[in-house]
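Note: hydrogens, waters and symmetry copies are ignored here, and every other heavy atom, side chains too, is used.
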Amino acid sequence: MSGNTENTENTEKPGNTEKPGNTENATPALTADEKLTLRTAAHAVVSLMAAADPGPISSTRSGMAGGKALSSATGLVGRVLAEKAKGLDLGGGSTADLADRVFTALTDSVTLLNARSPAEAANFRATITTVMDAASRAHRGGPGPAETAMIGKITAALDAA
């Protein structure tokens, strides 16, 4: 035998997002704006969880734990989040400003992914839930009242889609 077993089945198909040899179902490609919406939602959840636990040490711990959890995302969501975050602007004068942005981005992200791939919508929800869990467990004593309230608000934004 020639030994050449390279699978070229998934190459040269317009709009195909699969790598050669990948036999999983293809997920439609996202536009740059759609990717930015997903990134904004996910990264801002980390920031909101850190802001919900004020104090330099505890908010740093929450932010670090949330960021690590975010980096464990897989599938399309994981690939989008792993890309360089061009255009990502989480700035705002307050936690309320950031929350206004992130709650909208969360709902928009789930709506978008539900339309494209319900499995990726579930993956996105699971990723955000993992981020919230990791951030809230980053310090002794479990989540405080402000973190618990923020988790409820983030979950409501996910469920609003």
Side-chain angles (χ1 to χ4, degrees), residues 15 17 24-161:
T17 59
E24 296 177 17
N25 292 335
T27 302
L30 300 175
T31 67
D33 285 343
E34 291 168 339
K35 289 179 180 182
L36 182 59
T37 299
L38 264 65
R39 280 190 217 105
T40 298
H43 289 284
V45 164
V46 174
S47 297
L48 279 179
M49 290 302 295
D53 188 22
I57 294 175
S58 58
S59 63
T60 300
R61 285 182 182 163
S62 292
M64 295 283 288
K68 285 181 180 180
L70 196 60
S71 70
S72 70
T74 59
L76 173 68
V77 170
R79 286 188 292 280
V80 168
L81 297 179
E83 292 176 7
K84 184 171 177 160
K86 295 178 184 177
L88 187 65
D89 179 16
L90 300 180
S94 67
T95 301
D97 291 340
L98 178 61
D100 289 344
R101 238 186 210 168
V102 70
F103 296 152
T104 299
L106 283 165
T107 302
D108 290 350
S109 294
V110 174
T111 300
L112 163 74
L113 290 171
N114 270 330
R116 300 281 179 94
S117 170
E120 281 301 326
N123 182 22
F124 181 78
R125 285 175 178 271
T127 299
I128 298 302
T129 300
T130 300
V131 168
M132 292 186 298
D133 288 347
S136 68
R137 295 178 188 197
H139 40 83
R140 295 181 189 171
E147 280 183 307
T148 301
M150 189 61 72
I151 289 169
K153 292 172 185 179
I154 291 168
T155 302
L158 290 169
D159 292 343

### Query
Can Ile154 and Ile128 be said to form a side-chain contact (heavy atoms from CB on, under 4.5 Å), step by step?
CA-CA 9 Å; Ile154 291 168; Ile128 298 302; 3.9 Å; yes
### Query
Roughly how far apart are Asp97 CG and Ser94 OG, rounded to 0.5 Å?
3.5 Å
Distance-only donor-acceptor pairs under 3.5 Å for side chains of residues 39-48, two or more places apart:
unit_1	atom_1	unit_2	atom_2	d
Arg39	NE	Val80	O	3.1
Arg39	NH2	Glu83	OE1	2.6
Thr40	OG1	Leu36	O	2.8

For residues 100-108, run the donor-acceptor check on the side chains, cut-off 3.5 Å, and write out each pair with its distance to 0.1 Å, sequence neighbours left out.
unit_1	atom_1	unit_2	atom_2	d
Arg101	NH1	Asp89	O	2.5
Arg101	NH1	Gly91	O	2.9
Thr104	OG1	Asp100	O	3.2
Thr107	OG1	Phe103	O	3.1
Thr107	OG1	Ala157	O	2.7

### Query
Which pair of heavy atoms, one from Val77 and one from Leu113, lies closest together, and at what distance?
CG2-CD1, 4.1 Å
#### Entry: Inter- and intrachain pairs under side chain to side chain donor-acceptor pair (under 3.5 Å), touching residues 123-137, at least two apart
Glu120-Asn123, Arg125-Asp159
### Task
Working to the nearest 0.5 Å, report the span between CZ of Phe124 and CG of Leu81.
7.5 Å
#### Entry: Test log, rule side-chain contact (heavy atoms from CB on, under 4.5 Å), inputs Leu112 and Leu38
CA-CA 9 Å; Leu112 163 74; Leu38 264 65; 3.7 Å; yes
### Task
Return yes if some donor-acceptor pair links the side-chain N/O of Ser62 with the main-chain N/O of Ala50 below 3.5 Å, else return no.
no
### Message
So, taking the atom named CE in Met64 and the one named CZ in Arg61, what distance separates them when rounded to the nearest 0.5 Å?
### Response
11.0 Å
## Note on the structure
Shortest non-hydrogen pair, Ala69 vs Ala134, comes out as CB-CB, 3.8 Å
### Message
For the CG atom of Leu76 and the CZ atom of Arg116, what is their distance to the nearest 0.5 Å?
### Response
9.0 Å
